[in-house]
Amino acid sequence: MLDINLIRNNPDLVLSDLKKRNDTEKLLWIDDILTLDKEWRTLKSKTDELRHRRNKVALEIGILKKEGKDASEKIKEAAEIPKKIEKMEKEMNAKREKIDYYLKRLPNILHDSVPVGDENSPIKVVGEKPQFDFEPKSHIDLAENLDIGDFERAAKIAGARFFFLKGKLTVLDFALQYYAMEFMIKRGYEPIYPPYMMNRKAYEGVTDLRDFEDVMYKIEGEDLYLIATSEHPLTAMYLDEILNPKDLPKKCCGISACFRKEAGTHGRETKGFFRVHQFNKIEQIVICKPEESWEYHEELLKNATDLFETLELHFRVVNICTGDIGTVAAKKYDIETWMPVQNEYREVVSCSNCTDYQARRLNMRYRTKEGNKFVHTLNSTCIATTRALVAILENFQNADGSITMPKVLRKYTGFEKIEKE
RNA sequence: GCCGGGGUAGCCGAGCCAGGUAAGGCGAUAGACUCGAGAUCUAUUGUUCUCUGAACACAUGGGUUCGAAUCCCAUCCCCGGCGCCA
């Protein structure tokens, strides 16, 4: 959410940002907000005056009664006031609701370095494409031939985009999680298991509202949603709190399953691990002072690139453009690993600085000499196991259909290879 | 799920029975004292606004009343006991 003061005092900045995003609809909102805000403030001062009068008269009544004098004249006056206030408040609330509707839907202000347009700009490449002297198989074929994954039976009992992991692939999924958690602990991040469900209030604090339809599973009859990522509970954790500056930055890594509807992606990657309704993810979170957030954004990216480098995967880092960045982030990097079968780079990590956008919606502040200020929130994938599994299966496959384990994972898997048994 | 007790500021906590301006302590910040620190003393320390002033705020939402932290109703959460339970 944007600061209403920013729109009052510097509407041009907000407008130029929306132009960068080519969001012509929301451009028109700003004038509307400014008008509504002005009207709302006028009403606010009028109702404040009425309340002042009511408070004053009520106090006078108390004094008169204590002195044993007649207060009926004052009581008559005071009894009239609440009706007037109520009428004005209705008008105010209608305006407030409209303002909030707009405010909640306006996107974050972008960082200057975000590329304008529809082209993400690559900023780094690590490693090289693996060379195969045979025709590489898709991870789906590899998993089915090795009998370490079952998509058909998962579809039978749960639907498309679900899967069973079996045998050594189950172990590999676990190994990835444990390796990533240990990696983050060594770098000073606290591991945290969050609740897998969250209520709407907390959810609206962390997410783009469109996500409710696109990604969220709702529990029927309850105010609960299955989490789409541990970023959500970990960021919402300090909802309505004022943090001690001594406790900042909060650096942690979330460990959880993630649940996503993947609405609007029918027909795309319906089989396999790439786009699924449920997967495991280790997530990095930083909650910090505003002046530190750009530094931590680079730190989160470095953690993720270092991790993927140790997994011996070839990847590139891209700076996400205004056309793809979404509502919440001020700047976002993706890591895309090379997928030899698809013959393209595909997203495995998303690393965002949300500045104070989530903090304002969550009312999450820290104490300073000049008063309470909103914190900045950042998040980045450390490893999403299913996408990493796709990359590992396809990049580490051998001519006989077996999979060699990346060296750093062998300590955790207990085996060097997955082969037909 | 049942019974009982609770939810007040960054934290602790009085006020609630009996409606009439939100005590006090800790912590934090500033100043005094000090070479400096500590101790001590003084001031400030919920939010917002069109800021010499005002409004709002005692878990959340309603209600009663001229006036609600206080009385009534509903909901959420916490603690204790009982029950159930992987």
Side-chain angles (χ1 to χ4, degrees), chain A residues 1-11 33-97 99-100 103-104 193-205 218-225 233 236-250 257 287-290 356 359-375:
Chain A
M1 187 162 68
L2 296 183
D3 186 353
I4 183 76
N5 286 307
L6 181 71
I7 301 171
R8 279 176 198 156
N9 304 331
N10 201 351
I33 293 174
L34 288 169
T35 313
L36 284 165
D37 182 53
K38 209 172 177 184
E39 291 167 353
W40 179 82
R41 286 198 287 171
T42 309
L43 283 167
K44 166 97 168 117
S45 64
K46 279 188 190 161
T47 53
D48 273 6
E49 272 170 41
L50 282 172
R51 284 204 174 87
H52 175 47
R53 181 72 197 149
R54 184 202 58 194
N55 290 344
K56 213 176 146 190
V57 174
L59 205 65
E60 286 166 6
I61 293 166
I63 293 166
L64 284 174
K65 280 195 172 178
K66 238 179 213 168
E67 292 171 349
K69 292 178 186 163
D70 173 43
S72 57
E73 205 50 39
K74 294 275 181 195
I75 290 176
K76 207 175 148 194
E77 186 194 346
E80 292 298 312
I81 298 175
K83 290 175 207 159
K84 290 182 193 165
I85 294 177
E86 202 185 338
K87 202 179 152 196
M88 272 191 200
E89 263 186 345
K90 261 186 196 159
E91 211 179 319
M92 267 175 85
N93 288 341
K95 291 190 196 297
R96 181 84 259 163
E97 260 170 48
I99 294 169
D100 285 347
L103 278 182
K104 283 212 164 166
Y193 257 127
Y196 279 17
M197 299 175 205
M198 219 160 86
N199 62 37
R200 187 167 184 118
K201 184 190 176 203
Y203 240 114
E204 285 190 349
K218 188 177 191 324
I219 305 296
E220 198 180 336
E222 309 217 29
D223 179 26
L224 286 173
Y225 297 81
M237 198 168 170
Y238 302 102
L239 170 78
D240 281 332
E241 288 192 39
I242 298 171
L243 301 167
N244 192 324
K246 274 189 288 196
D247 298 331
L248 296 177
K250 302 251 185 209
I287 298 171
C288 67
K289 298 175 189 168
D356 60 2
R360 185 168 288 111
R361 290 165 79 124
L362 291 164
N363 192 26
M364 197 158 80
R365 295 167 295 169
Y366 73 106
R367 249 173 287 127
T368 76
K369 283 178 208 171
E370 301 87 43
N372 300 326
K373 284 189 185 167
F374 290 107
V375 294

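In the text below, chain A, chain B and the rest are named by the order of the sequence lines, each starting its count at 1.
Here the separation of B/G20 from B/C11, taken at their C1' atoms, is 30 Å to the nearest Å. Only the P atoms considered, B/A22 is 14 Å distant from B/C16, to the nearest whole Å. One P atom belongs to B/U8, the other to B/C2, and the distance between them is 25 Å to the nearest Å. Comparing the C1' positions of B/A54 and B/U21 gives an interatomic distance of 14 Å, to the nearest angstrom. B/A57 and B/G62 are spaced 11 Å apart, taking the P atom of each and rounding to whole Å. Comparing the P positions of B/G1 and B/C58 gives a spacing of 27 Å, expressed to the nearest Å. With both ends at atom P, the span from B/G53 to B/U44 equals 14 Å, rounded to whole Å. Comparing the P positions of B/C72 and B/A18 gives an interatomic distance of 10 Å, to the nearest angstrom.
For A/Ser45 and A/Gly62, each mapped to the nucleotide of RNA chain B holding its nearest heavy atom, the one lying further toward the 5' end belongs to A/Gly62. For A/Arg367 and A/Lys76, each mapped to the nucleotide of RNA chain B holding its nearest heavy atom, the one lying further toward the 5' end belongs to A/Arg367.
Contact check, A/Arg54 against B/C56: a side-chain N or O comes under 4.0 Å of OP1 or OP2. Under 4.0 angstrom from either OP1 or OP2 of B/U50 there lies at least one side-chain N or O belonging to A/Arg41. Contact check, A/Asn372 against B/G10: no side-chain N or O comes under 4.0 Å of OP1 or OP2. Between A/Asn5 and B/U48 there is no side-chain polar atom (N or O) within less than 4.0 angstrom of OP1 or OP2.
Pair assignment for B/G36: none, as no Watson-Crick or G-U wobble contacts are both less than 3.5 Å. Nucleotide B/U64 forms no Watson-Crick or G-U wobble pair with any nucleotide shown, as no partner meets the under 3.5 Å limit on both distances. Across all strands shown, B/G53 forms a Watson-Crick or G-U wobble pair, both distances under 3.5 Å, with B/C49. Base pairing of B/G83: no nucleotide in any strand meets the Watson-Crick or G-U wobble criterion (both distances under 3.5 Å). In a base pair of the Watson-Crick type (N1 to N3 plus N6-O4 or O6-N4) or a G-U wobble (N1-O2 and O6-N3), with each distance short of 3.5 Å, B/C77 is matched with B/G6. For B/C11, the paired base is B/G25 (Watson-Crick or G-U wobble, both distances below 3.5 Å). In this entry B/U42 has B/A30 as its Watson-Crick or G-U wobble partner, both defining distances falling under 3.5 Å.
In this structure, A/Arg53 pairs ionically with A/Glu77, as a charged nitrogen and a carboxylate oxygen lie closer than 4.0 Å. Using a 4.0 Å cut-off between charged nitrogen and carboxylate oxygen, A/Arg360 and A/Asp356 count as a salt-bridge pair. Of the charged side-chain nitrogens involved, none lies within less than 4.0 Å of a carboxylate oxygen, so that A/Arg361 and A/Glu204 do not count as a salt-bridged pair. Between A/Arg51 and A/Glu89, at least one side-chain nitrogen of the basic residue sits less than 4.0 Å from a carboxylate oxygen of the acidic one, meeting the salt-bridge criterion.
A/Lys65 comes within contact range of at least one nucleobase, with a heavy-atom separation under 4.0 Å. In this structure, A/Ile61 reaches the bases: a heavy-atom distance under 4.0 Å links it to at least one base atom across the strands shown. Using a 4.0 Å heavy-atom criterion, one finds that A/Thr42 contacts the bases of the nucleic acid, with or without backbone contacts as well. Residue A/Ala58 is classed as a base contact, given a heavy-atom separation below 4.0 Å to a base.
A/Asn199 places its CG atom 11 Å from the C1' atom of B/C77, with the value rounded to the nearest Å. Protein atom CG of A/Leu248 is 16 Å distant from nucleotide atom P of B/G10, rounded to whole Å. Atom pair A/Lys373:NZ and B/U47:P shows a separation of 14 Å (rounding to whole Å applied). Between A/Asn363 atom CG and B/A57 atom C1' the separation is 13 Å, expressed in whole Å. When rounded to the nearest whole Å, the span between NZ of A/Lys74 and P of B/G67 equals 15 Å. In this structure, A/Glu86 places its CD atom 11 Å from P of B/G62, rounding to the nearest Å. The distance between atom CG of A/Leu239 and atom P of B/C76, rounded to the nearest whole Å, is 18 Å. Distance NZ (A/Lys246) to P (B/C11): 14 Å, rounded to an integer number of Å.
Atom CD of A/Glu241 has more than 12 heavy atoms from other residues, nucleotides or ligands within 6.0 Å. Residue-environment remark: NZ (A/Lys38) stays at or below the threshold of 12 foreign heavy atoms within 6.0 Å.
Set against B/C56, B/U47, B/C49, the side chain of A/Arg51 has B/C56 as its closest nucleotide. Residue A/Ala78 has its side chain nearest to B/C66 when only B/C66, B/G10, B/C56 are considered. Of the candidate nucleotides B/A54, B/C66, B/U50, B/A54 has the atom nearest to the side chain of A/Asp48. If you check B/G10, B/C66, B/A54 against the side chain of A/His52, the one that comes closest is B/A54.
A heavy-atom distance below 4.5 Å is found between the side chains of A/Asp37 and A/Ile4.
The two residues A/Ala78 and A/Val57 have their closest heavy-atom pair at CB-CG1, 3.7 Å.
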